2 protein chains.
Amino acid sequence: MREEKKKRLATKGWKVGSASAFLGLSKDEETYIEIRLRLAEGLKNRRLRRGRTQLGLAKALHSSQSRIAKMEASAPGVTLDLMIRALLALGTSKRELAAIIAGGSSARAA
Amino acid sequence: MREEKKKRLATKGWKVGSASAFLGLSKDEETYIEIRLRLAEGLKNRRLRRGRTQLGLAKALHSSQSRIAKMEASAPGVTLDLMIRALLALGTSKRELAAIIAGGSSARAA
DNA sequence: TGACGATATGTCAGATTCGACATATTATTT
DNA sequence: AAATAATATGTCGAATCTGACATATCGTCA
């Protein structure tokens, strides 16, 4: 590993279902959040690499700038659906998408 | 290809944003739907391979049998979030998940 | 055939997410 | 520093999704 950036796993305002407050996410929940973070990072990286602005991408997606910002922040209340659609709108292929999810130094050029 | 089953791409009751009715999905929309189908298939395959019932999986997910059925049918109104969580609940790893999305004969054992 | 377990389909109220908008914060350029 | 562009943050009504439930269909076994 190297480009892991430390993986801060912010967990900001996360709900984290019911009783398991902040500490004690199940393995699955952890993986789920990790995937979200990867997609968020991948989204931002790709957008910047393409020299696009959040507002531009938003229009292409029929969404709004603020929502794009929230996606890239992996904020609670953004679905994977939206993140993935955004990535597709940036020209990401299924294979590249898979690489982003699987992790492991996959941030190849666009 | 071989286990593609023909990829019926049912498109049942799909909304397909605004003007492009049924015919003329954009490339991105097509890819998005394809991903959904792959996840749905992967989910069903994995569940069966593990010998679990929809009801059983539903309980593990704090969901309901009917919703699992809808997921496996890739019905409109089920999010990728839910499908992915279901796959994780079945013990699918990030790498396996990526393989399902990328496609290409990836339905390895569980 | 009838009973039974599993899966499919339809509906609905409550919860969540959406796009939009206002506004703050952070670069960047002059 | 002031202006400008880009991004972040907060809020809100409308749209969508969720779990639960009822009920129908299917498959298998006695």
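Naming convention: chains lettered A, B, ... in sequence-line order (proteins, then strands); numbering from 1 in each chain. These values consider heavy atoms only, across backbone and side chains, with no hydrogens, waters or symmetry-generated copies. Because the structure is predicted, anything quoted here is derived from the model rather than measured.
As rounded to whole Å, 11 Å separates atom C1' of D/dC17 from atom CE of B/Met71. As a whole-Å value, the separation of B/Lys59 NZ from D/dG19 C1' is 14 Å. Distance CG (B/Leu55) to P (D/dT23): 18 Å, rounded to an integer number of Å. Following rounding to the nearest Å, A/Leu61 (CG) and C/dC18 (P) show an atom-to-atom distance of 11 Å. We find that CD of A/Glu72 is positioned 14 Å from P of D/dA6, with the value rounded to whole Å. Rounded to whole angstrom, the span from the CG atom of A/Leu80 across to the P atom of C/dT16 amounts to 16 Å. Between B/Arg67 atom CZ and C/dT11 atom P the separation is 14 Å, expressed in whole Å. The separation between B/Arg85 atom CZ and C/dT16 atom C1' is 11 Å, rounded to whole Å.
Counting non-hydrogen atoms under 4.0 angstrom, A/Leu82 reaches the backbone sugars and phosphates but no base. Within 4.0 Å (heavy atoms only), A/Ser64 reaches at least one base atom of the nucleic acid. Residue-level contact check: A/Lys44 touches the backbone only, with heavy atoms under 4.0 Å from sugar-phosphate atoms and none from bases. Among the atoms of the strands shown, only primed sugar atoms or phosphate atoms (P, OP1, OP2) are found under 4.0 Å from some heavy atom of A/Thr79.
Between the OG atom of A/Ser74 and the CG atom of A/Leu39 there is a distance of 8.5 Å, given to the nearest 0.5 Å.
Minimum interatomic distance between B/Leu97 and A/Ile101 (heavy atoms only, all atoms of both residues): CD2-CG2, 4.5 Å.
Comparing B/Asp81 and B/Arg52 by the nucleotide of DNA chain C whose heavy atom lies nearest to each, the residue mapping closer to the 5' end is B/Arg52.
Set against D/dA20, D/dA8, C/dC18, the side chain of A/Gln54 has D/dA8 as its closest nucleotide. Ranking D/dT7, C/dT7, C/dG19 by closeness to the A/Ser63 side chain, first place goes to C/dG19.
With sequence neighbours excluded, no residue satisfies salt bridge (charged side-chain N to carboxylate O under 4.0 Å, His left out) with A/Arg85.
A donor-acceptor contact under 3.5 angstrom links the side-chain atoms of B/Ser66 to the base of D/dC21. Within 3.5 Å, a donor on the side chain of B/Gln65 pairs with an acceptor on the base of C/dA8, or the reverse. Looking at A/Lys70, its side chain has no donor and acceptor atom pair within 3.5 Å of the base of C/dG19.
Looking at A/Arg46 and A/Leu57, their side chains never come closer than 4.5 Å, going by heavy atoms from C-beta outward.
When A/Lys59, A/Glu72, A/Lys44 are each tested for a side chain to side chain donor-acceptor pair (under 3.5 Å) with A/Gln54, only one passes: A/Glu72.
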